[in-house]
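Order of appearance sets the numbers: ligands from 1, and atoms from 1 within every ligand.
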Amino acid sequence: MNSPVRAYQAVGGDPVFIERGEGAYVIDPDGKRYIDLVGAYGPLILGHAHPEVVAALQRQAAAGSSFGAPTEAETRLAELVVDNMPSVEMVRLVNSGTEATMSAIRVARAATERDLVVKFSGGYHGHADHLLAEAGSGVATMAVPGSPGVPAAFTDLTVVLPYNDVASVEAIFSARGSQVAAVIVEPVAGNMGVVEGSDAFLGALRRLSEAHGTVLIFDEVMSGFRLGLGGAEERIRIRPDLTCLGKVIGGGLPLAAYGGSARLMRLVAPMGPVYQAGTLSGNPMATAAGLATLGQLVVDPPYVRLDEAGARVQAALEESARLSGLRLTVNRAGSMLTPFFTVGPVVDYASARAADVEAYARLFHALLDRGVLVPPSQFEAWFLSTAVAGSAMDGLLSAVRAAMSSLSTV
Ligand code: PLP
């Protein structure tokens with residue numbers, strides 16, 4: 001495995017190997033087809049091997065894969081980000097979400113001349129040392145508090161608070177406000193399963209960061225271009241100082257970004273003193289896939305359709321759970337959703353962890369047996385793509401109903 005969640009440790013059994021993808025489906029080496037709700041953990045909003053993305057990649061492969069020099073295409077991609085994300089005036093392309101958050105925090109620390117970073121438990125911001133504290137995603141799946149190999153001196157500079165808890169945010173700012181360089185948050189969390197930040201919580205983060213000269217970082221690696229062209233920030237109408245992007249903007253290739261106010265971004269080299277660089281940053285292949293994907297999203301925004309598709313899957317889960325006498329809470333933001341076997345509500349990492357993860361594992365296998373692939377962990381989001389429509393959607397809904405009734409307690 002090259003990333004731990006893929007090992008199926010949380011649900012048991014052997015991982016499905018994938019040979020190819022086609023629209024709504026992935027296909028294993030024996031030719032078995034699965035309706036795919038993993039979506040490469042978020043990037044594939046248009047489904048697998050979308051013809052425009054394939055054509056863009058073929059063109060770019062023939063024209064050369066990397067130059068170590070600026071290209072017009074990366075400038076166009078940057079412009080698309082700036083045009084669509086209200087708070088982003090300047091943007092830098094990097095290779096992974098991990099790099100984006102790591103670099104954004106470096107900028108925040110340089111701008112404030114402070115070291116402390118506030119994050120929220122169950123929030124996952126990639127695997128940079130100082131952010132591997134009570135993280136979600138694979139860290140949550142393996143139920144470990146952090147990671148060996150990370151010096152305590154690093155995580156001493158990270159304060160972890162409960163998500164959606166305004167009182168604890170107020171308390172840290174009143175005790176240590178003048179030391180806090182950055183608050184980093186997933187405005188719609190996807191790495192403890194899907195949990196939306198409340199207006200009160202995100203509003204308090206904005207207000208208190210402003211009052212204390214702290215940089216507010218929205219980690220929209222998952223939600224950017226997934227919930228809408230303006231990401232979560234447009235949906236909640238709160239403007240962060242810096243934003244991290246990844247997944248969808250790379251169209252399935254390794255590409256991510258961080259950006260924000262010109263005042264902060266001008267600190268990054270070569271304009272400013274904050275060093276950050278990359279041999280493959282703004283890589284032409286990744287940029288081509290990203291541009292092709294964002295191009296489709298801009299020309300024909302699919303977000304209303306995706307929201308309706310998400311609502312249909314949610315309704316099928318909820319209704320079939322009720323008929324089967326199962327307690328289920330489904331959290332959903334547009335095309336991202338997570339079923340939790342609990343009465344809920346699920347509003348933070350503690351309530352996500354209170355869900356019955358063994359029941360989730362049974363649902364995972366019941367769906368797999370019926371040709372549907374969902375993330376092999378409670379602490380990930382299910383992603384719908386525009387390709388899950390028509391017969392793929394019909395197949396998905398009937399598999400959901402049949403899988404849930406196989407878990408029936410009545
Ligand atoms: N931030 C969020 C919100 C994520 O969901 C992820 C990955 O899942 C990351 C950061 C890290 O991105 P990457 O895996 O590309 O390093």
Side-chain angles (χ1 to χ4, degrees), residues 1-6 10 37-45 85 92-106 108 117 119-142 147 158 160 163 182-197 202 216-227 231-233 240 242-259 276 278 280-281 283 286 289-290 293 331 333-338 349 352 375-383:
M1 291 305 138
N2 287 302
S3 200
V5 159
R6 302 177 195 169
L37 269 64
V38 178
Y41 293 92
L44 299 183
I45 195 166
M85 305 241 24
R92 179 73 158 243
L93 303 184
V94 292
N95 300 301
S96 69
T98 297
E99 260 188 84
T101 58
M102 194 177 78
S103 309
I105 283 175
R106 186 176 302 149
V117 170
K119 78 173 282 283
F120 298 92
S121 56
Y124 179 69
H125 308 290
H127 64 90
D129 282 345
H130 47 247
L131 292 170
L132 273 184
E134 291 186 38
S137 190
V139 185
T141 304
M142 289 161 53
S147 170
T158 308
V160 186
Y163 194 73
V183 173
I184 184 164
V185 66
E186 292 176 71
V188 172
N191 288 294
M192 48 183 133
V194 174
V195 178
E196 287 197 65
L202 297 169
L216 178 61
I217 305 173
F218 274 5
D219 181 350
E220 294 226 43
V221 166
M222 205 177 260
S223 54
F225 292 98
R226 160 67 59 184
L227 297 179
E233 83 167 68
L242 291 175
T243 296
C244 300
L245 295 166
K247 302 197 189 257
V248 173
I249 62 158
L253 267 77
L255 189 145
Y258 65 102
Q276 185 271 304
L280 293 176
S281 291
N283 171 259
T293 300
N331 279 5
S335 57
M336 300 165 53
L337 73 158
T338 306
Y349 191 37
S377 165
Q378 173 75 81
F379 306 109
E380 300 287 350
W382 296 13
F383 294 102

Checklist entry - Taking side chain as C-beta onward, heavy atoms only, is M85 less than 4.5 Å from L245? => result yes
Next on the checklist: Tell me whether E99 reaches ligand 1 (any heavy atom closer than 4.0 angstrom to a ligand atom).
Outcome noted: no
Checklist outcome for this item: The atoms of ligand 1 lying under 4.0 Å from a heavy atom of G126, numbered in the order shown, are 9 (C), 10 (C), 11 (C)
Checklist entry - What are the atoms of ligand 1, with element, lying closer than 4.0 Å to any heavy atom of K247? => result 5 (O), 7 (C), 8 (O)
Item to check | Atoms of ligand 1, numbered as shown, that sit under 4.0 Å from any heavy atom of G97 | outcome: 11 (C), 12 (O), 13 (P), 15 (O), 16 (O)
Item to check | Atoms in ligand 1 with a heavy atom of T98 nearer than 4.0 Å | outcome: 11 (C), 12 (O), 13 (P), 16 (O)
Checklist entry - Considering only heavy atoms of N191, which atoms of ligand 1 have at least one such atom less than 4.0 Å away? => result 2 (C), 3 (C), 4 (C), 5 (O)
Checklist outcome for this item: In short, M102 meets A128 closest at the heavy-atom pair CG-CB, 4.0 Å
Checklist entry - Heavy-atom count around H130 NE2 within 6.0 Å, excluding the residue itself: above 12? => result yes
Checklist entry - What do you think, any protein heavy atom under 4.0 angstrom from atom 14 (O) of ligand 1? => result no
Item to check | Value rounded to 0.5 Å, distance of OH in Y258 from CG in L93 | outcome: 10.0 Å
Checklist outcome for this item: Looking only at heavy atoms, the pair that brings L227 and A232 closest together is CD1-CB, 4.2 Å
Checklist entry - From N191 CG over to Y41 OH, what is the distance, rounded to the nearest 0.5 angstrom? => result 11.0 Å
Next on the checklist: If the cut-off is 4.0 Å to any non-hydrogen atom of D219, which atoms of ligand 1 fall inside it?
Outcome noted: 1 (N), 2 (C), 3 (C), 10 (C)
Next on the checklist: Run the side chain to side chain contact (heavy atoms under 4.5 Å, CB included) test on Y163 and V185 for me, step by step, so that the C-alpha distance in whole Å, both residues' side-chain angles and the decisive distance to 0.1 Å come before the verdict.
Outcome noted: CA-CA 9 Å; Y163 194 73; V185 66; 3.7 Å; yes
Checklist entry - Is T98 reaching over with its side chain to a backbone N or O of H127, donor-acceptor style, under 3.5 angstrom? => result yes
Next on the checklist: Show me which atoms of ligand 1 lie under 4.0 Å from any heavy atom of E186.
Outcome noted: 3 (C)
Item to check | Residue S96 vicinity, atoms of ligand 1 by number, heavy atom under 4.0 Å | outcome: 15 (O), 16 (O)
Next on the checklist: Check contact between Y41 and ligand 1, using heavy atoms of the residue and a distance below 4.0 angstrom.
Outcome noted: no
